[in-house]
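Here is the structure we will look at.
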Amino acid sequence: MLARPEAGTLTIYFDGAAVKARPGDSVAAALVAAGIVATRTTPVRGTARGPFCMMGACFDCLAVVDGRGGVQTCLTQVRDGMRIETQHGARDLHDHD
Amino acid sequence: MGRAAGVGIGYRGEGGLVFCLGEAELTDRTALVARLHNQPGGAGGVRMLDRAALERMMPHARLGPEVLGASLAPEDGHVAPLLLLRGLHAAFHAAGGTHLPGAAIDEVQAEEGGFAIRCDAARIDARRVVVACGLGTSRLAAMLGMDVPVHPVRGQNIVTERLAPMLPLPASALRQTAEGAIQIGVTYEEGQDAPVTSVRDLARMAARATRVLPVLKQARMVRSWAAVRPMTPDGYPIYAASTAFPGAFAAVCHSGVTLSAAHRGPLAAGILAGQLPEAVASLGPGRFHARTA
């Protein structure tokens, strides 16, 4: 579907699975390029959602990034070793995240 | 009761809280609840809860250290206003009503056997008229011989992203919808008729909310808004029946959401029968003229 000019040199993890990414990629771009199009489920009906606007407006690409929920993955740059998890339903706030 | 015209309205009727931050607020609130108990008709079971009781009631909320207690009004509740409005519209259409959104009323006139409403150059004939148009009520009610004083009071509101459940009961200026959004409000700005927010007020509201629930510091605000309440001189509803023009009524209150069940039931039944119900006899506009009459 999407052709990439070169393989990424960084590794991020989505729900535990390794995903290659390039420096400067947004998390959303890296995930979509790897064929991952759903990053969360909706709070009410549990429907899958994923990156849509890619510019910070739609809030559909939220995920849990390094333990912090409600992160807009399209506005977050990848970092080697970053751990991204599907956000299931409404975000759970923690005292020290 | 949880549905209007078959539409869920997010109704929860387990009561409502007013949090007390610090000793002074707790003392004031405790005194207010004691005075309520001395009123005729009692206090509807309103009582104070200490912090330990609050924590048992809200196991998923970590209260800030300043929260010393809260008052609990067991008869309080919550509905989702947007869902309620959708339900009311559905019921209105099902009953054969025609809604003309945004239509501007120029004039209402009593005529032989009824009323003529002039609306965007059209004319609507009616046997009965109920003026129930918020801040516009005074102008139209006056055309039908009713003096209904209403003035604007602005309120501001913050809505967060949807969050996991933490607030099982609605609280004063802090509640969580069934879908998870936290609503933080609200201001009472007398005489302000422009529906605009101010950063100063939003910041103050947010600061207080985070003193109640410190974890909200991490929550994302997704929108804020302001609206203008139609307020009567004493804050209670006004229900009026025109003596000069029988068949004309006026109703104005804040809030029509809170009182929607009463309006839909006894009030509507009374108006259809041509007479306001006895239950609202003390809520006529005459109460504001008692001393000058």
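Chain naming here is simple, since letters A, B, ... match the order of the sequence lines and numbering starts at 1 in each. Owing to the predicted nature of the structure, the values given are computational and were not obtained by experimental measurement.
Here the straight-line distance linking atom CZ of B:R220 with atom CG of A:L93 works out to 10.5 Å at 0.5 Å rounding.
Counting heavy atoms from C-beta outward, B:R162 and A:L62 have side chains that stay 4.5 Å or more apart. In this structure, the side chains of A:F59 and B:E161 stay at 4.5 Å or more apart for every pair of heavy atoms.
Remark: B:R264 CZ is loosely packed, at most 12 non-hydrogen atoms of other residues, nucleotides or ligands lying under 6.0 Å away. Within 6.0 Å of the CD atom in B:E55, the count of heavy atoms belonging to other residues, nucleotides or ligands exceeds 12.
The shortest heavy-atom contact between B:Q218 and A:R91 is O-NH1, 3.0 Å. Across every non-hydrogen atom of A:A90 and B:A164, the tightest pair is CB-N, 3.5 Å.
With a 4.5 Å cut-off on non-hydrogen atoms, B:A181 does not touch chain A at all. Interface residue B:E179: backbone and side-chain heavy atoms are both found under 4.5 Å from chain A.
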